[in-house]
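The first residue of the sequence shown is numbered 1, and numbering continues consecutively from there.
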Amino acid sequence: MLACCTANAQTIPREALQHRATLKREAQRVWGLDAPVATFAAQVHQESRWRVDARSPVGAQGLAQFMPSTASWIGGVYPSLGERAPLNPTWALRGLVTYDKWLFDRIKADSECERMAFALSAYNGGLGWVYKRQQRSVEPGVCLGVTCSINPGIHPASQRENAHYPVVILQKHQPLYSTWGRGSCP
């Protein structure tokens, strides 16, 4: 029985270790010294499993799985991301923490944990859908298990993915990276 369960145990991919210092540096540059590095590491884990050359069937690229249009937009807004290079690991990690901060700053929630959950939901599905969910919710400041479960009119499969995205990052992957820095949620 132990062999069965040990084989399914989740671990940090070996590829992650070569990007640890870069992620921490970029996160602290954008978020400050108390940046939630474990959360960002968990997000990269979910997005690409730390594969620099990852490509999704819909066109997302790199460690942070940026869509070309998002890479173009963020490169136009932030001069440090002007090169628009989602397959470059440093650019991708800088882009991820910058975009997360941009989203985080535009969201209100009951706690930092819930605010990050909403930011992650926005990263995955768009900020407009977060706002629509909050408008329809009896608890607009609570994402996990409440507001992020509301379907504001998107395809049911997209809704399931989007509602699951912050949960898997914050509750499943973030604990793996606790030695990398603090997380957004306890």
Side-chain angles (χ1 to χ4, degrees), residues 5 8-13 23 27 30-31 34-50 54-67 69-71 73-74 92-93 95-178 180-186:
C5 298
N8 291 329
Q10 188 179 351
T11 60
I12 295 174
L23 177 61
V30 174
W31 287 73
D34 199 30
V37 176
T39 303
F40 301 135
Q43 186 179 8
V44 175
H45 186 108
Q46 178 64 20
E47 286 292 341
S48 65
R49 296 297 191 267
W50 294 95
R55 293 181 187 266
S56 79
V58 296
Q61 303 173 336
L63 287 174
Q65 288 293 281
F66 272 102
M67 292 296 289
S69 59
T70 307
W73 169 80
I74 202 164
L93 296 174
L96 179 130
V97 299
T98 301
Y99 190 34
D100 280 348
K101 179 74 166 128
W102 187 89
L103 293 164
F104 187 87
D105 288 347
R106 284 155 181 78
I107 294 169
K108 292 184 176 150
D110 290 356
S111 68
E112 179 193 3
C113 177
E114 295 295 343
R115 194 170 169 195
M116 182 56 81
F118 280 123
L120 292 168
S121 178
Y123 186 100
N124 177 259
L127 186 57
W129 295 118
V130 167
Y131 290 156
K132 286 181 182 185
R133 287 182 180 102
Q134 286 181 317
Q135 289 170 354
R136 295 175 179 178
S137 181
V138 295
E139 292 185 77
V142 179
C143 174
L144 299 170
V146 181
T147 303
C148 286
S149 299
I150 296 170
N151 188 335
I154 62 177
H155 188 278
S158 298
Q159 170 60 29
R160 281 189 301 279
E161 176 190 332
N162 191 249
H164 182 67
Y165 186 79
V167 172
V168 75
I169 290 169
L170 296 170
Q171 296 176 0
K172 181 179 178 186
H173 300 320
Q174 181 181 277
L176 283 175
Y177 296 94
S178 63
W180 288 33
R182 76 173 194 87
S184 298
C185 299

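Every residue meeting the side chain to side chain contact (heavy atoms under 4.5 Å, CB included) condition with Ala38, not counting sequence neighbours, appears here in chain and number order: Gln174, Tyr177. By the side chain to side chain contact (heavy atoms under 4.5 Å, CB included) test, Ala119 is found to be paired with Leu103, Phe104, Ile107, Met116, residues two or more places apart in sequence or in another chain being considered. In terms of the salt bridge (charged side-chain N to carboxylate O under 4.0 Å, His left out) criterion, Lys172 has no residue partners (sequence neighbours excluded). Here Arg182 pairs with Asp34, Glu112 under the salt bridge (charged side-chain N to carboxylate O under 4.0 Å, His left out) rule; sequence neighbours left out. Qualifying side-chain hydrogen bond (donor to acceptor under 3.5 Å, both in side chains) partners for Gln61, counting only residues two or more places apart in sequence or in other chains: none.
Leu170 and Pro175 make their closest contact through O-CD, 4.0 Å (heavy atoms, listed as atom of the first residue, atom of the second, distance). The two residues Pro36 and Gly183 have their closest heavy-atom pair at CB-C, 4.1 Å. Here the closest heavy-atom approach between residue Ile150 and residue Pro152 is recorded as O-CD, 3.1 Å. Scanning both residues, Pro166 and Cys143, for their nearest heavy atoms gives CG-SG, 4.4 Å. Here the shortest heavy-atom pairing between Trp180 and Ala41 reads CE3-CB, 3.7 Å.
No side-chain heavy atom of Ser121 sits less than 4.5 Å from a side-chain heavy atom of Tyr165. No side-chain heavy atom of Leu96 sits under 4.5 Å from any side-chain heavy atom of Leu63. Taking 4.5 Å as the limit, every side-chain heavy atom of Trp102 sits out of range of all side-chain heavy atoms of Ile74. Residues Tyr131 and Arg106 are in side-chain contact: their nearest non-hydrogen atoms beyond the backbone lie under 4.5 Å apart. With contacts defined as side-chain heavy-atom distances shorter than 4.5 Å, the pair Thr70/Tyr123 does not qualify. For the pair Asn124 and Gln46, the minimum side-chain heavy-atom distance is 4.5 Å or more.
The main-chain N or O of Pro13 is never found under 3.5 Å from a side-chain atom of Arg49 such that the two would form a donor-acceptor pair. Put simply, the side chain of Gln134 never gets that close to the backbone of Gly141: no donor and acceptor are under 3.5 Å apart. Here the side chain of Gln159 pairs no donor or acceptor atom with the backbone of Ile154 at under 3.5 angstrom. Judged by distance alone, the side chain of Gln43 and the main-chain N or O of Leu120 form no donor-acceptor pair under 3.5 Å. Remark: the backbone N or O of Val97 is paired with a side-chain donor or acceptor of Trp31 at under 3.5 angstrom. Judged by distance alone, the side chain of Arg115 and the main-chain N or O of Ala109 form no donor-acceptor pair under 3.5 Å.
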Check against side chain to side chain contact (heavy atoms under 4.5 Å, CB included), Thr11 and Leu176 | CA-CA 7 Å; Thr11 60; Leu176 283 175; 5.7 Å; no
Side chain to side chain contact (heavy atoms under 4.5 Å, CB included) assessment of Gln171 paired with Leu144 = CA-CA 10 Å; Gln171 296 176 0; Leu144 299 170; 4.1 Å; yes
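Residue pairs meeting the side-chain hydrogen bond (donor to acceptor under 3.5 Å, both in side chains) criterion with at least one partner in residues 138-157, sequence neighbours excluded, are Ser137-Thr147.
The distance from the CZ atom of Phe40 to the CG atom of Asp100 is 5.5 Å, given to the nearest 0.5 Å.
Using bins of under 30°, 30° to 60° and over 60° for the plane-to-plane angle, the ring pair His173/His45 lands in the tilted bin.
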